[in-house]
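Here the structure is laid out as structure tokens; the discussion comes afterwards.
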Amino acid sequence: MQAVVPRVKFIGVDDDNLLLFEGQYPLTKGISYNSYFIDDEQIAIVDAVDIRRCDAWLARLADALDGRKPHYLIVQHMEPDHSGSIRAMLERYPDTKVVATSKAMTMLDNFFEGLVAADRHMVVSDGDTLQLGNTMLRFITAPMVHWPEVMVTLDETDGVLFSADAFGSFAMSEAAEAWTDEARRYYCNIVGKYGPNVQSLFKKLCGQSFGTIAPLHGPVLGGDITHYCSLYDKWSRYEPECEGTLVAYASIYGGTAEAAVRLAMELEKCNSGEVVLMDLCRHDVSYAVAEAFRLSRLALCSVTYDASMFPAMYEFLHHLEMKNFRNRPFGIIENGSWAPVAGKLMCEALGRMRGMTQAGPVVTIRSRMHQADHAGITALACALALH
């Protein structure tokens with residue numbers, strides 16, 4: 001059993017047999033449902049796990065208890081991938097007191113009507129504390145990171161921040177090497193809409209001392225945690241991590257793809273940073289959203305289809321808008337054999353996002369790229385590179 005710090009043990013469980021998280025995000029590296037055991041005069045459990053791994057979790061909990069009983073179950077987040085095993089745990093340990101925000105208590109009754117008697121509730125507010133013996137816990141509310149009932153818990157004694165879904169990743173608990181890419185994809189697609197709320201949480205944590213971050217998915221983070229905090233700060237400010245351009249395209253028969261490749265080549269000639277070429281028809285949209293957040297510029301290339309954008313491009317822009325994507329220059333290439341309108345519609349979609357600025361005019365190709373189109377694509381690459 002992994003020790004986070006001497007008094008805190010990791011009792012979470014990995015899930016390597018789930019294809020889609022929330023029914024939509026591919027899991028190529030699995031996922032973990034993290035739970036923590038605070039071993040003090042009074043024993044506290046921080047969060048339960050998904051019902052899919054309930055039996056394994058209860059076995060790990062029983063092993064950690066070694067015949068004792070838990071005093072508290074701290075519920076930081078009521079989403080079923082964390083709360084699914086609460087009923088089973090409380091039925092096995094009925095004297096356990098549930099610690100949560102008032103909104104979480106309401107949700108607890110929504111999910112498990114009548115499960116917890118009123119005298120087994122401990123409702124906490126922002127800044128409230130709980131002394132377990134040597135360990136002092138402070139509860140910090142984090143509404144809309146990414147549900148309204150969320151709180152994080154700071155172990156002030158041992159410097160551990162139990163961060164709920166913040167700092168989580170699409171990876172299993174031992175996959176530390178996957179954190180940056182999979183945490184970015186997790187953040188942008190799960191939490192991304194709520195950047196201002198993440199910033200509010202950062203303000204609350206300012207001045208607090210902790211050297212370990214214990215999230216609800218993925219590895220526990222230790223060592224130099226400034227790396228993790230710096231990236232989270234950038235993502236929640238909608239600031240790019242590095243200079244570069246995502247060239248995202250949606251093509252039917254290859255004509256639009258050819259133009260996108262040409263644009264990527266011209267961008268590389270401009271020495272304007274990294275260039276990532278992504279086929280939206282063959283990459284899951286969650287990866288495209290993460291790359292858009294990571295890079296400083298965006299170029300979109302879509303064929304016209306049924307007097308609209310191609311569906312893959314429409315879905316990508318819908319996801320960006322839903323996640324409050326903002327503050328990027330963009331360039332557009334459209335294709336259409338007789339009535340190209342994809343460019344106009346892409347511009348309209350991007351115009352609904354805050355701080356998006358168009359670099360150069362829309363480049364229109366007819367069915368396939370022709371020699372006469374090269375100059376326009378080169379000019380578009382130069383216009384993007386100047387931003």
Side-chain angles (χ1 to χ4, degrees), residues 1-4 8-23 25 27 29-39 43-66 68-94 96-101 104-105 107-108 110-112 115-116 145-147 149-153 155 160-175 178-179 182-183 186 190-191 213-221:
M1 190 173 300
Q2 176 188 351
V4 177
V8 178
K9 298 180 177 68
F10 177 89
I11 58 168
V13 287
D14 288 332
D15 190 344
D16 61 356
N17 193 32
L18 183 66
L19 295 177
L20 295 174
F21 185 79
E22 292 189 350
Y25 303 114
L27 294 176
K29 295 178 173 62
I31 192 80
S32 67
Y33 314 116
N34 297 350
S35 175
Y36 302 94
F37 184 98
I38 304 175
D39 195 349
I43 296 169
I45 313 304
V46 182
D47 287 302
V49 306
D50 193 289
I51 192 65
R52 289 171 52 86
R53 292 295 184 265
C54 179
D55 291 345
W57 176 63
L58 289 176
R60 299 198 75 177
L61 173 57
D63 184 52
L65 286 167
D66 193 23
R68 298 170 294 171
K69 294 181 180 180
H71 295 81
Y72 301 102
L73 173 63
I74 297 169
V75 177
Q76 300 186 114
H77 183 23
M78 274 299 302
E79 201 166 2
D81 55 327
H82 309 297
S83 67
S85 295
I86 287 179
R87 179 186 294 278
M89 187 265 189
L90 294 181
E91 287 176 349
R92 182 170 295 191
Y93 305 105
T96 305
K97 183 169 286 190
V98 174
V99 181
T101 65
M105 291 299 186
M107 289 186 182
L108 184 68
N110 290 341
F111 281 107
F112 306 105
L115 176 64
V116 183
V145 184
H146 59 115
W147 278 26
E149 87 296 1
V150 172
M151 68 178 182
V152 302
T153 303
D155 176 347
V160 180
L161 176 68
F162 301 98
S163 61
D165 267 353
F167 297 95
S169 67
F170 289 132
M172 292 194 287
S173 59
E174 297 295 325
W179 187 86
E182 292 299 338
Y186 184 91
I190 303 292
V191 188
I213 301 173
L216 288 181
H217 293 296
V220 173
L221 308 175

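Quick caveat, the model's predicted, so the values are computed rather than measured.
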Kindly determine whether I45 and L61 satisfy side chain to side chain contact (heavy atoms under 4.5 Å, CB included), including the steps that lead there.
CA-CA 9 Å; I45 313 304; L61 173 57; 3.5 Å; yes

Could you tell me which non-hydrogen atom of V13 sits nearest to which non-hydrogen atom of R60, and how far apart they are?
CG1-CD, 4.0 Å

Backbone N/O of G218 and side chain of N34: donor-acceptor pair under 3.5 Å
yes

So, do L108 and V116 sit near enough that their side-chain heavy atoms are less than 4.5 Å apart?
yes

Do any N or O atoms from the side chain of S169 and from the backbone of W179 form a donor-acceptor pair under 3.5 angstrom?
no

In terms of ring plane angle, is the pair F170 and F21 parallel, tilted or perpendicular, where the classes change at 30° and 60°?
perpendicular

How many angstroms lie between atom CG of L27 and atom CG of L19, to the nearest 0.5 angstrom?
8.0 Å

L65 CG to L58 CG distance, which is reported to the nearest 0.5 Å
10.0 Å

Working to the nearest 0.5 Å, report the span between CZ of R87 and CZ of F112.
6.5 Å

Are V75 and I86 close enough, and set up right, to give a side chain to side chain contact (heavy atoms under 4.5 Å, CB included), and what steps lead you there?
CA-CA 9 Å; V75 177; I86 287 179; 3.9 Å; yes

To the nearest 0.5 angstrom, please state how far the OH atom of Y93 sits from the NE2 atom of H71.
13.0 Å

What one should report as the nearest heavy-atom pair of V8 and D155 is CG2-OD2, 3.9 Å

H82 side, atom NE2; E79 side, atom CD - distance, nearest 0.5 Å
6.0 Å

Roughly how far, to the nearest 0.5 Å, is OH of Y36 from OG1 of T153?
11.5 Å

Taking the side chain as every heavy atom from C-beta outward, state whether T96 and V98 have any atom pair closer than 4.5 Å.
no

Any donor and acceptor pair, going by atom type alone, linking the side chain of S85 with main-chain N or O of A88 inside 3.5 Å?
no

For I43 and Y72, run side chain to side chain contact (heavy atoms under 4.5 Å, CB included): C-alpha distance rounded to whole Å, both residues' side-chain angles, the deciding distance at 0.1 Å, then the answer.
CA-CA 6 Å; I43 296 169; Y72 301 102; over 6 Å; no

Tightest non-hydrogen contact, residues M172 and D16, listed as SD-CB, 3.9 Å

With heavy-atom distances below 4.5 Å as the criterion, would you say the side chains of E149 and M105 are in contact?
no

From I74, V4, D47, I38, residue fulfilling side-chain contact (heavy atoms from CB on, under 4.5 Å) relative to F162
I38

Using side-chain contact (heavy atoms from CB on, under 4.5 Å) as the criterion, point out the one residue from Q76, M78, H77, M107 that pairs with S83.
M78

Check against ring-ring contact (aromatic ring centres under 6.0 Å, His included), Y186 and H217:
CA-CA 10 Å; Y186 184 91; H217 293 296; 5.6 Å; yes

Are the side chains of V99 and L73 in touch, meaning some heavy atoms are under 4.5 Å apart?
no

Could you tell me which non-hydrogen atom of S163 sits nearest to which non-hydrogen atom of A166, and how far apart they are?
OG-O, 2.7 Å

State, to 0.1 Å, how close A64 and I11 come at their nearest heavy-atom pair, and which atoms those are.
CB-CG2, 4.3 Å

Under 3.5 Å: donor-acceptor pair, side chain of W57, backbone of M89:
no

Cationic N near anionic O, under 4.0 Å, D81 to R53
no

Show the numbers, then the answer: is there a side chain to side chain contact (heavy atoms under 4.5 Å, CB included) between D165 and V145?
CA-CA 7 Å; D165 267 353; V145 184; over 6 Å; no

Report yes or no: does D14 contribute a side-chain atom to a donor-acceptor pair with the main-chain N or O of S173 at less than 3.5 Å?
yes

